[in-house]
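Report on the following structure.
Lettering follows sequence order; numbering is per chain, from 1. When reading the values below, keep in mind they use all heavy atoms of this one structure, side chains included, and skip hydrogens, waters and symmetry mates. Keep in mind it's a predicted model, so treat the numbers as computed, not measured.
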Amino acid sequence: MKSLKARLEELFEQLFAHYGAQNWWPAETPFEVMLGAVLTQNTAWANVEKAILNLKKLSELNPQALLAMPRELLAEAIRPSGYFNLKAERVQNLCALLADNRELHKLADLELRGQLLGVTGIGPETADDILLYAFQRPVFVIDAYTRRLLGRIGWIDADIAYEDLRQTIEQALAGDTEYYNEFHALIVIHAKRVCCKQPRCSDCHLSTLCSYPGN
DNA sequence: ACCCAGGGTCATA
DNA sequence: TATGACCATGGG
């Protein structure tokens, strides 16, 4: 029986061999990463891109500017990303944390995670996206794709708690920031393949890794 | 017309 | 602790 570490590393190799380096997260600045992390909650990335583009036309992308913006105006700009009233509030909650604590980058990983989770609207996955892709901390992000993929392969229980799964994988891999960055990006890119969105996945080179819910 | 998307909060039992 | 309602747009 192969160890979890060996199986995960093999999975990484297969994905990397097919898709190559992804250079994530798609954003120009760390703050834009954080913004995207909130806006993409339960939302297709294409809609988030529209929202961010709208916002860039109205304002500089920094915490002070978005805090100064009337919430209604912010909400209207991010409308395409869905839940726009809710997300306008969440974005400003995050901005408030960033604006009145300029030393966040000096905090240890766990402290920083605690600060992020303290923001209403930032849950475990959004916090980990921010930790990994904005603050370059070694965190393995668990999202719906990751659960679906690992669940489908039969490596995890469907109902394992977020923290338990994250720590199980991090303990097994003991990877660095760059490795976790690439790994999560590959899982998402793989899940977005057209063939992985079909009920049956026959032409996928990695058919056994297809993450469509019904497979 | 339906389903889903790079989730999270809050009220209730 | 564990469900369920709610948030809302856009593409397939």
Taking atom P in both C/dA8 and B/dC10, what distance in whole Å separates the two? 14 Å

Checking A/N47 side chain against A/S81 main chain: does a donor-acceptor pair fall under 3.5 Å? no

In whole angstroms, how far is the C1' atom of B/dG8 from the OH atom of A/Y83? 9 Å

Using side-chain contact (heavy atoms from CB on, under 4.5 Å) as the criterion, list what pairs up with A/D157, not counting sequence neighbours. A/D159

How do A/A46 and A/N42 order along DNA chain C: which one's closest nucleotide is nearer the 5' end? A/N42

Could you tell me if A/D128 and A/H184 have a donor-acceptor pair between their side chains, going purely by distance under 3.5 Å? no

If I take atom CG in residue A/L39 and atom P in nucleotide B/dG7, what distance separates them, rounded to the nearest angstrom? 12 Å

Could you write out DNA chain B as dot-bracket? Rules: Watson-Crick or G-U wobble, both distances under 3.5 Å, brackets [ ] for crossings, | for pairs with another strand, dot for unpaired. .||||.|||||||

When rounded to whole Å, the CG to P distance for the pair A/L116 and B/dG7 reads 17 Å

Measure from the side chain of A/Q41, starting at C-beta and using heavy atoms only, and say which of C/dG10, C/dA8, B/dG8 lies closest. B/dG8

Would you say a side-chain N or O of A/R147 is under 4.0 Å from OP1 or OP2 of B/dG7? no

Looking at A/F12 versus A/Y179, is the centre-to-centre ring distance below 6.0 Å? yes

For nucleotides 9-11 of chain B, give me every protein contact, N/O to N/O, under 3.5 Å, one pair per line with atom names.
unit_1, atom_1, unit_2, atom_2, d
B/dT9, OP1, A/G121, N, 3.0

Could you check how far CD of A/Q92 sits from P of B/dG8, rounded to whole Å? 19 Å

Quick note, ring pair (Phe, Tyr, Trp, His ring centres under 6.0 Å) partners involving residues 34-57 of chain A, not counting sequence neighbours, are A/W25-A/W45

Nearest whole Å is fine: how far is B/dG7 P from A/F84 CZ? 19 Å

Looking across every strand, which nucleic acid part, if any, lies under 4.0 Å from A/K50 by heavy atom: base, sugar-phosphate, or nothing? sugar-phosphate

What side-chain donor-acceptor pairs closer than 3.5 Å can you find for residues 55-66 of chain A, not counting sequence neighbours?
unit_1, atom_1, unit_2, atom_2, d
A/K56, NZ, A/E32, OE1, 3.3
A/N62, OD1, A/Q64, N, 3.2
A/N62, OD1, A/A65, N, 2.8

Side chain of A/T126 - closest among B/dG8, C/dT9, C/dA8: B/dG8

Nearest whole Å is fine: how far is C/dA8 C1' from A/E89 CD? 16 Å

Spacing of A/I160 atom CD1 and A/R166 atom CZ [to the nearest 0.5 Å]: 12.0 Å

Categorize A/N85 for me: base, sugar-phosphate, or nothing, with a 4.0 angstrom heavy-atom threshold over every strand shown. sugar-phosphate

Applying side-chain hydrogen bond (donor to acceptor under 3.5 Å, both in side chains) as the test, list every pair that has at least one member in residues 114-127 of chain A; sequence neighbours left out. A/Q41-A/T126

Rounded to the nearest 0.5 Å, the SG atom of A/C95 sits from the CG atom of A/L35 at a distance of 7.5 Å

Determine whether the aromatic ring centres of residues A/Y19 and A/H190 are separated by less than 6.0 angstrom. yes

Taking only the side-chain heavy atoms of A/E125 (C-beta and beyond), determine which of B/dG8, C/dC7, B/dA5 contains the nearest atom. B/dG8

Nearest-Å distance for atom pair CH2/C1', residues A/W45 and C/dT9: 15 Å

Length of the CZ-C1' vector between A/R193 and B/dC4, whole Å: 19 Å

